[in-house]
Amino acid sequence: MAHWVSDGDGSDSFEWDSDGNGEEAGSFNTAGASSSAMASTNTDAPGPSRRVANGNGKAGPSASLVQRYIDMGFAEEIVVKAIKDNGDNGADALVELLLTYQELGNDLNVDNGFASGCVPQTVDDSGDDDFLENWDDLDAGGRSTRVANSVDDSGDEDFLHEMSQKDNKIDSLVKMGFPEDEAALAITRCGQDASISVLADSIYASQTAGDGYCGNLSDYEDGGRNKGRFMDGNNKKRKRYGSQALGSRGPLDGSADEPMLLPNPMVGFSLPDQWPRPVNRDLPALAMGPPYFYYENVALAPKGVWTIISRFLYDIQPEFVDSKYFCAAARKRGYIHNLPLENRSPLLPKPPRTITVAFPHTKRWWPSWDPRQQFNCLQTCVSSAKLLEKIRVTLTNSSDPPPPRVQKLVLEECRKWNLAWVGLNKVAPLEPDEMEFLLGFPKDHTRGICRTERFRSLGNSFQVDTVAYHLSVLKDMYPEGMNVLSLFSGIGGAEVALHRLGIRMKTVISVEKSEVNRTILRSWWDQTQTGTLIEINDVQTLTSERIEAYIRRFGGFDLVIGGSPCNNLAGSNRHHRNGLEGEHSSLFFQYVRILESVKSIQRL
DNA sequence: AGCATTCGGATATAATAA
DNA sequence: TTATTATATCCGAATGCT
């Protein structure tokens with residue numbers, strides 16, 4: 001443990017990492033580990049209770065509720081299905097749904113299959129899902145404590161475990177929108193241990209190509225599961241990602257586990273104020289727009305993740321950009337899109353690129369030995385007040401230029417937590433409105449929700465100037481405005497970017513789980529837009545039939561945009577950084593599913 | 001080998017509502 | 001009083017680069 005003793009008087013020794021805390025943390029951890037089985041059941045607890053409410057709605061909508069909409073002139077079949085599909089999206093969404101379903105006519109033969117099996121099944125099984133994941137964790141940790149309803153006989157137990165794992169995977173695949181029989185077939189084809197992404201890939205390949213294949217798929221599995229795999233042996237020279245064959249969605253192109261190379265500097269295909277570097281990008285015919293699409297996620301994902309993501313998006317090479325070239329904070333992200341690359345134009349006015357210009361009041365307090373000119377990535381959590389006070393006290397008790405050792409420790413914390421100098425020896429995290437400014441949102445965009453939620457939402461958001469620079473090519477292409485399908489919208493970074501570009505949005509269908517985020521987007525929309533905004537709570541309810549209904553009603557989508565949640569990808573995540581295996585990451589496949597659906601419908 | 005960076009999660013505690 | 005919500009504080013490792 002490093003003790004950080006102040007320079008001033010010897011009596012006032014200051015512990016940077018106090019051993020006392022360490023011990024407490026240790027005992028706390030053991031307690032947490034031994035009770036983790038209980039914790040797992042506890043985490044399940046809110047789920048079923050919420051699902052009970054859902055289940056009541058789904059088992060049978062109340063007669064009066066149905067009758068009310070029948071009285072409005074809707075057919076009973078449509079009302080029942082709409083209530084079922086709408087979930088808990090609210091009354092307004094229900095009316096929207098009724099209107100769209102009416103566009104489709106009364107022929108709901110196809111829908112019955114979906115409504116009967118799929119929805120309740122996924123609802124019920126996701127509970128098992130969580131349970132099994134926790135169980136797996138226990139096994140991996142070598143603990144043999146099992147939860148109450150486990151079986152005693154170990155052989156049966158393993159067997160059951162395998163079976164439930166299989167079911168678990170089938171359910172995950174069904175949740176992604178694959179037919180159940182295809183899912184089961186894929187597991188037979190690729191084995192019990194195949195990862196979700198490999199299985200999904202297999203289904204896609206067999207669906208599109210038609211011919212069955214069974215390649216060396218275990219490569220991906222090794223990358224995902226085995227913990228002891230880090231840099232064993234030789235570092236081969238990596239090929240540039242230009243060498244990746246386009247259009248081939250087959251995962252069996254030799255050593256396909258070759259990780260994607262991140263460009264250095266991370267400037268994407270072009271930057272404003274730069275000589276346009278020639279970038280040749282040949283999009284496969286399947287990928288060509290319209291509809292245009294734009295997918296975003298963290299650049300520093302676990303190994304192999306971007307290769308898989310790219311494979312599901314027509315093998316398009318991601319455009320990796322660090323937003324530090326657009327604003328005063330870093331933000332390394334990858335963007336896969338099929339937009340034209342010529343004639344991009346930046347958003348004006350350009351935001352400041354240094355901390356000093358962005359926040360002049362900090363200059364007075366900024367020590368000469370803190371060389372930072374930009375912030376690191378804006379994240380969803382902020383530092384504790386205790387740390388700030390530690391830093392202040394330590395510096396107060398130090399000499400004017402603090403000893404190098406103190407400088408190093410302080411700088412380390414400042415960089416880790418993005419602290420700014422706001423007073424004498426006083427650092428503080430950025431305020432929400434300062435983050436809004438750095439990210440290119442209008443002032444008070446996220447105001448009105450609690451502070452913690454603001455940090456969370458902003459930390460998950462786009463950097464508007466960066467995204468807008470890429471989207472700027474759309475302005476001349478759609479002078480009358482465009483229809484947008486916005487997935488995982490968050491606080492509406494995509495919408496704000498389009499608006500600031502002067503692009504009219506005729507219709508936006510927005511999928512966002514968080515209620516506060518939907519409120520923020522709705523509020524912004526109502527005071528800036530004239531078009532139609534339809535907000536959807538649960539991405540699962542955006543079925544292909546519903547997509548088709550929207551397309552018939554509003555015309556086709558011109559842009560499908562969104563970034564799938566990165567919880568299982570982000571480096572800051574200590575707990576479940578399991579790539580595309582995680583619960584949240586399956587939402588990426590929802591993005592793919594919906595994009596495919598839009599394309600196939602609009603192709604006709 | 002060392003260094004820097006990272007759209008986070010789980011839990012306890014405090015504040016507020018009912 | 002209890003229930004719900006907001007805040008506080010703790011928790012490393014994977015990855016790429018020099």
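Since this is a predicted model, take the numbers as computed values, not measurements. Order of the sequence lines sets the chain letters (A, B, ...), proteins ahead of strands, with each chain counted from 1.
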Under 4.0 Å, counting only non-hydrogen atoms across every strand here, what does [X] touch: a base, just sugar-phosphate, or nothing?
{"X": "A:R331", "value": "base"}
{"X": "A:R333", "value": "base"}
{"X": "A:C381", "value": "base"}
{"X": "A:E296", "value": "base"}

Please confirm whether the shortest side-chain N or O distance from [X] to OP1 or OP2 of [N] is below 4.0 Å.
{"X": "A:H575", "N": "C:dA13", "answer": "no"}
{"X": "A:T452", "N": "C:dA6", "answer": "no"}
{"X": "A:N297", "N": "B:dC7", "answer": "no"}

When you compare C:dG12 with B:dC3, how far apart are their C1' atoms, in angstrom units rounded to a whole number? 16 Å
Rounded to whole Å, the CZ-C1' distance (A:R454 to B:dC7) equals 17 Å
Base-paired stretches in DNA chain C with three or more consecutive Watson-Crick or G-U pairs, both distances under 3.5 Å, amount to B:1-6 with C:13-18, B:8-18 with C:1-11
Out of [options], which nucleotide sits closest to the side chain of [X]?
{"X": "A:N573", "options": "B:dG9, B:dC7, C:dT15", "answer": "B:dG9"}
{"X": "A:C450", "options": "B:dA10, B:dG8, C:dA6", "answer": "C:dA6"}
{"X": "A:K416", "options": "B:dT6, B:dG8, C:dT7", "answer": "B:dT6"}
{"X": "A:L262", "options": "B:dT5, C:dG12, C:dG16", "answer": "C:dG16"}

Taking for A:A570 and for A:E453 the nucleotide of DNA chain C with the nearest heavy atom, the one nearer the 5' end belongs to A:E453
Start with the C-alpha distance between A:F589 and A:F312, add both sets of side-chain angles, then the distance that settles ring-ring contact (aromatic ring centres under 6.0 Å, His included), and finish with yes or no. CA-CA 9 Å; A:F589 294 102; A:F312 277 90; 5.1 Å; yes
Check your understanding: If you measure only the distance, is there a donor-acceptor pair under 3.5 Å linking the side chains of A:N578 and A:N568?
Key -> yes
Item to complete: Check the side chains of A:H470 and A:Y335 for a donor-acceptor pair under 3.5 angstrom, ignoring hydrogens and angles.
Response: no
Heavy-atom nearest nucleotide on DNA chain B taken for A:R456 and for A:G571; more 5' hit belongs to A:G571
